[in-house]
Amino acid sequence: MTLSESVSKPAYMGASAPAIEHHYDLGNAFFELWLDESRTYSCALWDGDDDTLFAAQQRKLDYMATGARATGAARVLDIGCGWGGMLRHLVERQNVARVVGLTLSPSQAESIGRWADDRYDVRVQNWADHEAEGYDAIISLGAFEHFAQHGMSREKRLMAYRTFFGRCRDWLQPGGRLALQTNIAGRARPLDRQTVREMLFVIEKIFPESVMPPMSDIIEASENTFDVVTVRNDPDHYVRTCLTWADTLRERKEEAESVVGAEVVSDYLHYLESSARQFERRSLGLARIIFERV
Ligand SMILES: C[S@@+](CC[C@H](N)C(=O)[O-])C[C@H]1O[C@@H](n2cnc3c(N)ncnc32)[C@H](O)[C@@H]1O
């Protein structure tokens, strides 16, 4: 690598492809059992006691897409597109002409390929390797947690996040928007033993090589590349999302066990219920941030 290449394209420091596959390539059939019909795997935006998970996910997709000013756009990028819920929303509800989705999971890309037409360009590709002319808007939901790793120093995390914001800036015109949703580290206070045990379980068994960023990291790393337009912190929305997923998985436990085995199902129930507890105690937060490119 030449010096100029290393300056313009710093090394990626987030979760590796095998670490991502460890989670998302458990198989489409498993996740289909407990996610909503849009297969959205990130916190929903709830409204009222009678709401359904599907409606709350659509509300979230709409909030983030309109926040990014994606409506009617020619080209929109979704970084960490999962099973394509946002891509489909952009094309079908926001009249976007062409969407590009990036994922590190081959089984997610394969699942989108079963229904997507030529308006959809889905790639198994790390955003750090993505080359593009430009986009009208960028969206990323529930993926930023994978862009640095547990155990990194703050300095290194900031470097990793600055690289991400720098790439997004390069792909947008001035005034272009990035809508980012991510879990964040919660309030600093002594953690009780149960919370520490549950956090370690998630880091070791469910999401290896990932980390929940403090809000201050996100703000500091985006300085000089993006202005913050709006921020919401919605931990209670993730309590309800996780508990709804857990209830559905419990109801369909036997089917799920026949797909991935009893141990994985039990680990996932534990992860969803303990995540709900952490959002409830505010050891975790849920940030929805609309940025505008400087
Ligand atoms: C929790 S899922 C969220 C999926 C989707 N955004 C949603 O809300 O349903 C995280 C996604 O980020 C993707 N991902 C993680 N690290 C990535 C990277 N470095 N480049 C591209 N995608 C990445 C994973 O493959 C997965 O699709």
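By convention here, the first residue in the shown sequence is residue 1. Indexing begins at 1, ligand by ligand and atom by atom, following the structure's order.
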Measure from every N or O atom of ligand 1 to the protein's N or O atoms and keep only the pairs below 3.5 Å, writing each with atom names and distance to 0.1 Å.
{"unit_1": "ligand 1", "atom_1": "6 (N)", "unit_2": "G80", "atom_2": "O", "d": "2.7"}
{"unit_1": "ligand 1", "atom_1": "6 (N)", "unit_2": "L141", "atom_2": "O", "d": "2.8"}
{"unit_1": "ligand 1", "atom_1": "8 (O)", "unit_2": "S42", "atom_2": "OG", "d": "2.6"}
{"unit_1": "ligand 1", "atom_1": "9 (O)", "unit_2": "Y41", "atom_2": "N", "d": "2.7"}
{"unit_1": "ligand 1", "atom_1": "19 (N)", "unit_2": "Y12", "atom_2": "OH", "d": "3.1"}
{"unit_1": "ligand 1", "atom_1": "19 (N)", "unit_2": "N126", "atom_2": "OD1", "d": "3.0"}
{"unit_1": "ligand 1", "atom_1": "19 (N)", "unit_2": "W127", "atom_2": "NE1", "d": "3.4"}
{"unit_1": "ligand 1", "atom_1": "20 (N)", "unit_2": "W127", "atom_2": "N", "d": "3.2"}
{"unit_1": "ligand 1", "atom_1": "25 (O)", "unit_2": "T103", "atom_2": "OG1", "d": "2.9"}
{"unit_1": "ligand 1", "atom_1": "25 (O)", "unit_2": "L104", "atom_2": "N", "d": "3.0"}
{"unit_1": "ligand 1", "atom_1": "27 (O)", "unit_2": "G82", "atom_2": "N", "d": "3.1"}
{"unit_1": "ligand 1", "atom_1": "27 (O)", "unit_2": "T103", "atom_2": "OG1", "d": "3.3"}
{"unit_1": "ligand 1", "atom_1": "27 (O)", "unit_2": "Q108", "atom_2": "OE1", "d": "2.6"}

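- Every side-chain contact (heavy atoms from CB on, under 4.5 Å) that A221 has, sequence neighbours left out, goes to L158, Y161, R162, F165.
- For the residue pair Q94 / H89, a side-chain donor-acceptor distance below 3.5 Å is found, with atom types taken as modelled.
- For residues 247-288, every residue pair satisfying the ring pair (Phe, Tyr, Trp, His ring centres under 6.0 Å) rule, not counting sequence neighbours, is listed here: H23-Y268, F30-Y268, F201-H270, F207-Y271, Y238-F279, Y268-Y271.
- Salt bridge annotation for D236-R282: present, with a cationic side-chain nitrogen under 4.0 angstrom from a carboxylate oxygen.
- Taking the side-chain hydrogen bond (donor to acceptor under 3.5 Å, both in side chains) definition, one finds that D192 meets it with T195, sequence neighbours left out.
- One N or O on the side chain of D136 and one on the backbone of R75 form a donor-acceptor pair closer than 3.5 Å.
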